[in-house]
Amino acid sequence: TNAYDEVNNLIESYYSAKLSGEISDFEPLVSDLSTIDIDYLHIQYDLVTDFSNFTCYTKNGIDEIAYVVYIAYDSKIVTIDTPVPALDRLTLVYADDGSGRLLINTVAEQSDTVTAYLSEISTHADVKEMYQRETKRFEDAINSDPELRQLYNRLDTEGAN
């Protein structure tokens with residue numbers, strides 16, 4: 001948990017770049033800039049005004065993956081008082097320029113070995129606990145704020161259509 005400052009800083013910078021919506025902000029952070037769809041990010045994060053309270057759970061990677069990082073964080077949604085807990089999983093790779101810098105892995109294709117490893121670690125007890133804890137935090141937030149619940153239900157319905 002929050003074991004590597006370099007990982008924590010990279011993650012926070014990446015989420016800041018998502019909010020900025022500027023492709024140049026992603027350039028020093030990702031392995032493949034061509035996979036960043038700025039138009040999609042503008043749509044996806046249109047209602048989000050801030051990300052905060054990051055907790056990075058870092059596991060060693062395999063093959064080309066340096067680390068697997070589970071990120072628990074809160075999103076601030078415009079007009080909603082209650083922060084929305086979320087959990088993401090990202091993989092990190094080392095820059096191929098020999099600098100030893102870590103980057104968010106944005107390459108769409110992964111080896112079968114990496115895919116199998118990601119599936120395997122999702123069954124680890126600590127990862128399952130983390131998912132349960134963050135799911136409970138999310139459910140508690142939804143249940144505590146009628147405006148957030150209404151927004152979530154609307155987005156969930158629209159997403160299903």
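Keep in mind it's a predicted model, so treat the numbers as computed, not measured. Keep in mind that the numbers below use all heavy atoms, side chains included, and drop hydrogens, waters and symmetry copies.
Sorted by first and then second residue, the salt bridge (Lys or Arg N to Asp or Glu O under 4.0 Å) pairs with a member in residues 70-99 read Asp74-Arg137, Asp97-Arg101; sequence neighbours excluded. Screening residues 115-130 for salt bridge (Lys or Arg N to Asp or Glu O under 4.0 Å) gives Lys59-Asp126 as the qualifying pairs, with residues at least two apart or on separate chains. Residue pairs that meet the ring-ring contact (aromatic ring centres under 6.0 Å, His included) test with at least one member in residues 19-44, sequence neighbours left out, are Tyr14-Phe26. Applying the salt bridge (Lys or Arg N to Asp or Glu O under 4.0 Å) definition to pairs two or more places apart or across chains, none involves residues 35-46.
For Ser13, the side chain to side chain donor-acceptor pair (under 3.5 Å) test picks out no residue, with sequence neighbours left out. Listed by chain and number, the residues in a side-chain contact (heavy atoms from CB on, under 4.5 Å) with Glu22 are Ser20, Ser24, Asp25 (sequence neighbours excluded). Residues passing the side chain to side chain donor-acceptor pair (under 3.5 Å) test with Thr35 are Thr106, sequence neighbours excluded. Residues that satisfy the side chain to side chain donor-acceptor pair (under 3.5 Å) test with Thr82, not counting sequence neighbours, are Asp145. Applying the side-chain contact (heavy atoms from CB on, under 4.5 Å) criterion to Asn143, with sequence neighbours excluded, gives Glu139, Arg149. By the side chain to side chain donor-acceptor pair (under 3.5 Å) test, Asp32 pairs with Ser34, sequence neighbours left out. Legend: residues meeting ring pair (Phe, Tyr, Trp, His ring centres under 6.0 Å) with Phe51, ordered by chain and number and at least two apart, are Tyr15, Tyr45, Tyr73.
Remark: Ser75 OG to Asn53 CG distance equals 10.5 Å, nearest 0.5 Å. A distance of 5.0 Å separates CD1 in Ile80 from CG in Leu151, rounded to the nearest 0.5 Å. Gln110 CD to Thr91 OG1: the interatomic distance, rounded to the nearest 0.5 Å, is 5.0 Å. Atom CG of Leu10 and atom CD1 of Ile104 lie 4.0 Å apart (nearest 0.5 Å). Atom CD1 of residue Ile36 and atom CD of residue Glu27 lie 11.5 Å apart, to the nearest 0.5 angstrom. Interatomic distance, Leu29 CG to Leu92 CG, rounded to the nearest 0.5 Å: 11.0 Å.
No more than 12 heavy atoms of other residues, nucleotides or ligands sit less than 6.0 Å from atom CD of Gln150.
Nearest heavy atom pair, residue Val7 against residue Val69, reads CG1-CG2, 3.8 Å. Contact record, Pro83 with Ala141: O-CB, 3.9 Å, taken as the closest heavy-atom pair.
By the criterion of side-chain heavy atoms lying less than 4.5 angstrom apart, applied directly or through intervening Ile, Leu, Val, Met, Phe, Trp or Tyr residues, Leu41 is not grouped with Ile43; the two fall into different hydrophobic clusters. No continuous path of hydrophobic side-chain contacts links Val107 to Tyr94 [ILVMFWY only; heavy atoms under 4.5 Å].
By the 4.5 Å side-chain criterion applied to Ile, Leu, Val, Met, Phe, Trp and Tyr, Tyr57 is assigned to a cluster that also includes Ile62, Ile65, Val68, Tyr70, Leu87, Val93, Leu103, Val114, Tyr117, Leu118, Ile121, Val127, Met130, Tyr131.
Counting only distance, with no hydrogens or angles, the side chain of Glu6 and the backbone of Leu102 share a donor-acceptor pair below 3.5 Å. Of the possible donor and acceptor atoms, one in the side chain of Asn2 sits under 3.5 Å from a partner among the backbone N and O of Cys56.
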